[in-house]
Each structure stands twice: as structure tokens, then as C-alpha cells.
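Presented below is the structure to which this report refers.
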Amino acid sequence: MLASGRHQDIFVDSVYTTMAVCVAVIGKDNSPLYIGGIGNDTSTDNELSRQWLVHTALDALEERLTTTNNNTSGSNSNTTRTDMRDLYLGLLYSTDTHKIYGYVTNTRIKLVLVTSSTSPSGSNIRDAEVRTALRRLHALYADAICNPFHLPGDQITSQKFDKQVKNLMLNNV
């Protein structure tokens, strides 16, 4: 009985590995369109810490975008950067407890993914997995704003979008 209980705990841990602790969609004017997180703690402190992480990532994201624009507006205007089509910005910065990744769409909507660098599942995430997750989030965002009742620039309140994003954060892509 004890052995099967241990097996069950290992199985539960492997099923519920989380990829991200927070995902955010930020508008052109740096206003949050969606900030979602997972976990049982829905206290105000947790929400504020998520918003703080996302908003501090915006500085690094904007800096990365301005250096990208300066690099592409070089001597020859016909020359484009080869990775300009790649909207993934990579690791924006990391703290002792979190790693923050960025992605920007062609319409200047910013996507931010925050992982935990203290948990075993969060610290072992490969760059390709983050890139795939952010591309998937971009597709989910595109589906959500294609709703004819959604006004561009408004916050995303779709329960379907929220559920799909939480599945994405649980690494069930």
C-alpha cells in the first residue's frame, strides 16, 4: 500500500508540472490586456507581485525593441534582419526566483511569460519550449481577439481564453 502511494505521488507530480507561473498580454500602450497566473494563492499580494514582475519586464522588453529597431534601420534600408520574422525576444531578465521571457507580435502586442527558477520544473525549461509556448499564446490571443464582440484594446475577459492559457501554463500544450 505504501509503495503504491509513493508511485501515485510521483505520478501526480509528473502530471502537474508547471511551465509558467504567470502569463501576460500587454497592449501597444503598455496597458495590461490579460495577466493570468496559476496556483491556489489568489491573494492581493500574489496578484501585485505578478503585476510587478510583468511591468518590470516591460522596461527590458522596450529596451530590446529599441535596439532591434536601431539595428534594422542601418545604412541600407532594404536590408532586413534575418531574425526579424522571429518575434521571440528570449530571456528578458532573471531574478533569484523567476525568469521572464518576452515575445512581441507584428502589431506591437507584448507577451510575457514568467517561470519559477526555484522549482525543478521551472528551472529546467529549455529555450525551445518557451518559444513554442509563446507562439501558442500568440495563437490563443489571435483567436480571442477574433471574437466579433471583443473591442480592440479592451481587456480579455474570455473564460475560454483563460482556461486555454492555464492549460498552456500547466504545460499541456
Side-chain angles (χ1 to χ4, degrees), residues 16-69 86-127 129-147 149-173:
Y16 293 110
T17 58
T18 59
M19 173 174 206
V21 293
C22 178
V23 168
V25 178
I26 308 296
K28 296 176 195 177
D29 56 351
N30 289 340
S31 63
L33 302 177
Y34 175 85
I35 296 179
I38 56 171
N40 296 334
D41 187 13
T42 57
S43 67
T44 306
D45 291 340
N46 197 20
E47 282 297 316
L48 289 175
S49 68
R50 287 180 189 151
Q51 289 182 13
W52 180 79
L53 284 169
V54 169
H55 285 318
T56 54
L58 287 178
D59 293 335
L61 206 140
E62 290 293 334
E63 181 181 325
R64 194 79 56 92
L65 287 175
T66 56
T67 54
T68 301
N69 289 342
D86 187 20
L87 307 173
Y88 176 66
L89 298 175
L91 179 68
L92 298 175
Y93 75 95
S94 63
T95 65
D96 292 340
T97 56
H98 295 94
K99 291 181 181 177
I100 294 115
Y101 297 88
Y103 185 98
V104 65
T105 68
N106 290 330
T107 57
R108 303 299 254 182
I109 302 296
K110 298 154 198 87
L111 308 175
V112 176
L113 186 129
V114 180
T115 63
S116 173
S117 56
T118 57
S119 71
S121 61
S123 61
N124 294 332
I125 295 175
R126 294 187 308 250
D127 202 45
E129 293 172 337
V130 174
R131 181 187 306 258
T132 302
L134 284 167
R135 284 183 181 159
R136 178 76 179 123
L137 180 62
H138 185 190
L140 293 175
Y141 168 74
D143 288 344
I145 64 167
C146 284
N147 181 348
F149 299 107
H150 177 76
L151 296 173
D154 282 357
Q155 288 193 343
I156 301 170
T157 57
S158 167
Q159 291 178 355
K160 179 181 176 186
F161 178 77
D162 187 52
K163 182 180 177 185
Q164 290 173 330
V165 168
K166 289 198 187 327
N167 267 342
L168 178 74
M169 286 192 284
L170 289 172
N171 207 11
N172 294 337
V173 269

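Along the sequence shown, residues carry numbers from 1.
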* Does V130 reach the side chain of L91, with side-chain heavy atoms less than 4.5 Å apart? ->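 Of all side-chain heavy-atom pairs linking L91 with V130, none is under 4.5 Å.
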* Between atom CZ of F149 and atom CG of D154, what is the distance when rounded to the nearest 0.5 Å? ->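 Taking CZ in F149 and CG in D154, the distance rounds to 14.0 Å.
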* Gap separating the CD1 atom of I109 from the OH atom of Y141, nearest 0.5 angstrom ->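 With rounding to 0.5 Å, CD1 (I109) is 3.5 Å from OH (Y141).
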* For T56, check side-chain contact (heavy atoms from CB on, under 4.5 Å) against everything at least two apart and list the hits. =>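 Once residues adjacent in sequence are excluded, the partners of T56 under the side-chain contact (heavy atoms from CB on, under 4.5 Å) criterion are W52, Y93.
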Quick one: list whatever passes side chain to side chain donor-acceptor pair (under 3.5 Å) with [X], sequence neighbours left out.
X: D127; value: Y88
X: H138; value: Y103
X: D96; value: none
X: Y34; value: D162

* Verdict with reasoning, C146 to D143, per side-chain contact (heavy atoms from CB on, under 4.5 Å) -> CA-CA 5 Å; C146 284; D143 288 344; 5.6 Å; no
* Asked: Is the side chain of S116 donor-acceptor paired with the backbone N or O of H98 at a distance under 3.5 Å, no angle test?
  ->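 Such a contact is absent between S116 side chain and H98 backbone.
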Any idea which heavy atoms bring [X] and [Y] closest together, and the distance?
X: A57; Y: I100; value: CB-CG2, 3.4 Å
X: R108; Y: V104; value: CA-CG2, 3.9 Å
X: Y101; Y: L134; value: CB-CD1, 4.2 Å

* To do: Using the side-chain contact (heavy atoms from CB on, under 4.5 Å) rule, take E47 and R50 through it: C-alpha gap first, then chi angles, then the decisive distance, then the call.
  => CA-CA 5 Å; E47 282 297 316; R50 287 180 189 151; 2.9 Å; yes
Could you tabulate the donor-acceptor pairs under 3.5 Å formed by side-chain atoms of residues 19-30, not counting sequence neighbours?
from: D29; atom 1: OD1; to: S31; atom 2: N; distance (Å): 3.4
from: D29; atom 1: OD1; to: S31; atom 2: OG; distance (Å): 2.8
from: N30; atom 1: OD1; to: K110; atom 2: NZ; distance (Å): 3.2

* For L89 and L65, what are the C-alpha separation, side-chain angles and deciding distance, and is it a side-chain contact (heavy atoms from CB on, under 4.5 Å)? -> CA-CA 9 Å; L89 298 175; L65 287 175; 4.3 Å; yes
